[in-house]
Amino acid sequence: MTRTTPPRPLDVTALFPELAPLARTAVRLHPRAGAPTPADSSIGGPLLWPADEPWPTCPEHTGPWQLGLVPADVRLRRRILTEAWARPRPEGADLLTPDERVIVDRATKATRITLDGEVPMVPVAQLYASDVPELPRPDGTDVLQVLWCPFDHPEDYLPLTKLRWRTAADVTDPLDPAPQPSVIGNDDYLPEPCVLYPEQVTEYPAPHELPEELAERIEAWEERNEGNDEDAVHYQYDLSVAPGNKVGGHAPWSFSDPFPMACPECGSAVRPLLTIDGAEWDGGSGSWRPVEDADHDGHHSDGPACATCLNIGRGYCMQLYVCTVSYDHPHLQNMQ
């Protein structure tokens with residue numbers, strides 16, 4: 001199966017030729033619920049991890065206890081709610097049975113949970129270069145793995161992320177099973193296993209990153225063509241940056257203006273590596289909805305647009321950037 005982004009409503013470079021040299025290729029990952037294996041690219045799936053390599057943990061969240069939720073309870077709550085919304089019920093009847101309500105409530109309220117040692121990090125993404133040839137990576141490697149601590153961290157109120165690049169052929173004795181956290185601080189940081197359907201698209205900078213004069217001309221063009229047409233084309237939502245999970249491309253600046261970012265170790269420029277988003281499209285970016293998902297909107301938590309069950313900052317997304325000089329330097333993360 002594939003996922004196909006519809007053609008953009010118009011060729012924006014024909015209207016504004018200055019955008020042409022600013023184009024970038026992004027790879028939309030299109031995660032959908034599935035059962036990935038360690039040999040697959042995935043979000044929330046198992047990682048191809050050497051048995052003799054320590055699993056990353058978070059030193060900022062350690063025992064003897066942490067306030068949070070049990071991951072198994074969170075996954076069970078999601079299944080119960082999905083099944084409950086899908087089944088018929090008489091008008092006025094409760095959505096959940098009494099037993100289901102107990103489970104859902106338990107998986108919603110944070111409690112003190114015993115923790116032996118540091119919290120194991122959670123697999124977030126695994127990308128094989130064979131599936132994503134455009135994947136930025138060190139020479140000789142062909143897999144990127146992303147893990148994070150499933151708690152907010154006060155520096156940026158995001159989960160703390162770790163990156164691992166490796167060569168798949170070198171993993172001859174894989175770890176099985178991987179360590180699992182007994183507690184998570186935020187259920188929005190526990191991804192459901194998803195297979196990926198990578199697809200190349202062309203992006204242009206968000207309005208915030210354009211030269212002021214060009215951004216003003218684009219805004220004036222939008223105002224002339226908008227009128228009372230609810231289907232009017234908008235540069236930001238229809239023509240610039242693709243929503244959803246993706247590799248490369250442009251940053252989806254939203255609630256803050258762009259600010260300079262540089263490698264914290266050497267001061268060199270950084271490049272976008274990965275965007276992690278909870279929704280593949282929504283009402284504002286509906287023109288990016290794949291043609292194969294034409295019968296689904298972007299608002300149902302159990303639909304294909306929200307298959308990962310991730311939620312960054314109540315509806316935003318998280319971008320990871322890497323140094324253009326060395327992949328060994330610390331990466332940056334930012335929420336928009």
Side-chain angles (χ1 to χ4, degrees), residues 31 33 43-46 55-90 92-125 146-162 177-194 255 276-279 282 298-318 333 335:
I43 287 182
W55 188 266
T57 59
C58 179
E60 297 183 32
H61 292 94
T62 186
W65 61 269
Q66 287 287 327
L67 187 66
L69 305 168
V70 176
D73 288 349
V74 172
R75 296 194 190 281
L76 180 57
R77 184 200 71 197
R78 291 171 179 171
R79 291 197 297 271
I80 288 174
L81 289 173
T82 297
E83 293 169 1
W85 283 111
R87 68 193 177 208
R89 66 181 187 277
D94 290 337
L95 175 67
L96 302 174
T97 68
D99 289 343
E100 290 173 335
R101 174 59 63 188
V102 170
I103 297 172
V104 168
D105 288 346
R106 184 180 68 209
T108 305
K109 300 174 183 177
T111 58
R112 287 170 51 133
I113 298 172
T114 301
L115 177 62
D116 182 15
E118 298 176 351
V119 169
M121 289 195 167
V122 172
V124 179
V146 182
L147 307 92
W148 66 28
C149 170
F151 285 79
D152 276 314
H153 285 246
E155 306 90 83
D156 51 14
Y157 295 98
L158 287 170
L160 176 69
T161 53
K162 293 288 184 183
Q180 302 291 324
S182 60
V183 55
I184 59 174
N186 189 332
D187 59 348
D188 291 333
Y189 297 159
L190 184 67
E192 286 294 306
C194 289
F255 63 82
I276 301 169
D277 199 342
D282 59 22
H299 300 283
H300 292 294
S301 60
D302 60 346
C306 304
T308 65
C309 292
L310 296 174
N311 186 12
I312 305 296
R314 297 183 179 179
Y316 295 105
C317 60
M318 178 179 187
Q333 57 188 52
M335 178 170 64

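None of these values were measured; they are calculated from a predicted model.
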Test Leu69 against Val183 for side chain to side chain contact (heavy atoms under 4.5 Å, CB included), laying out the working first.
-> CA-CA 5 Å; Leu69 305 168; Val183 55; 6.0 Å; no
Please name all residues satisfying side-chain hydrogen bond (donor to acceptor under 3.5 Å, both in side chains) with Glu192, sequence neighbours left out, ordered by chain then number.
-> Arg75, Arg78
Under the side-chain hydrogen bond (donor to acceptor under 3.5 Å, both in side chains) rule, collect the residues that match up with His61, sequence neighbours excluded.
-> none
Kindly indicate, with the supporting measurements, whether the criterion salt bridge (charged side-chain N to carboxylate O under 4.0 Å, His left out) is fulfilled by Glu83 and Arg89.
-> CA-CA 12 Å; Glu83 293 169 1; Arg89 66 181 187 277; over 6 Å; no
Is there a side chain to side chain contact (heavy atoms under 4.5 Å, CB included) between Val70 and Ile113 once you walk through the steps?
-> CA-CA 8 Å; Val70 176; Ile113 298 172; 3.6 Å; yes
Can you see which heavy atom on Gly45 is nearest to which on Pro123, and at what distance?
-> O-CB, 3.5 Å
Sub-4.5 Å side-chain heavy-atom contact between Gln66 and Phe151 = yes
Taking the side chain as every heavy atom from C-beta outward, state whether Ile276 and Cys317 have any pair of such atoms under 4.5 Å apart.
-> no
Can you tell me if Arg106 uses its side chain to pair, donor with acceptor, with the backbone of Arg77 under 3.5 Å?
-> no
Full working for side chain to side chain contact (heavy atoms under 4.5 Å, CB included) between Ile312 and Asp277 = CA-CA 7 Å; Ile312 305 296; Asp277 199 342; over 6 Å; no
Interatomic spacing from CH2 in Trp55 to CD in Gln180 - rounded to 0.5 Å | 7.5 Å
Closest approach of Pro120 to Pro150 (non-hydrogen atoms, all atoms of both residues) = O-CD, 4.3 Å
Rounded to the nearest 0.5 Å, how far apart are CH2 of Trp85 and CG of Leu96?
-> 8.5 Å
Considering all heavy atoms, the nearest Pro31-Cys194 contact | CB-CB, 3.7 Å
Under 3.5 Å: donor-acceptor pair, side chain of Asp156, backbone of Leu158 = yes
What heavy-atom pair brings Cys58 and His153 nearest, and what distance separates the two atoms?
-> SG-CE1, 3.4 Å
About how many Å separate CG of Leu147 and OG1 of Thr161, when rounded to the nearest 0.5 Å?
-> 9.5 Å
Considering only NZ, NE, NH1 and NH2 on the basic side and carboxylate oxygens on the acidic side, decide whether Asp105 and Arg101 come within less than 4.0 Å.
-> yes
Approximate separation, where rounding is to 0.5 Å, of Leu115 CG and Leu67 CG = 12.0 Å
Taking every non-hydrogen atom, the tightest pair across Ile184 and Asp187 | CD1-CA, 3.9 Å
Does the side chain to side chain contact (heavy atoms under 4.5 Å, CB included) test come out yes or no for Trp148 and Met121, once each step is laid out?
-> CA-CA 5 Å; Trp148 66 28; Met121 289 195 167; 5.6 Å; no
SG on Cys149 to NZ on Lys162, rounded to 0.5 Å | 10.5 Å
Please confirm whether the backbone N or O of Thr114 pairs with a side-chain atom of Ser182, one donor and one acceptor, at under 3.5 Å?
-> yes
When rounded to the nearest 0.5 angstrom, what is the spacing between CH2 in Trp65 and CZ in Arg112?
-> 4.0 Å
Are side-chain heavy atoms of Ile103 and Ile80 found at a separation under 4.5 Å?
-> yes
Asn311 and Tyr189: side chain donor to acceptor below 3.5 Å = no
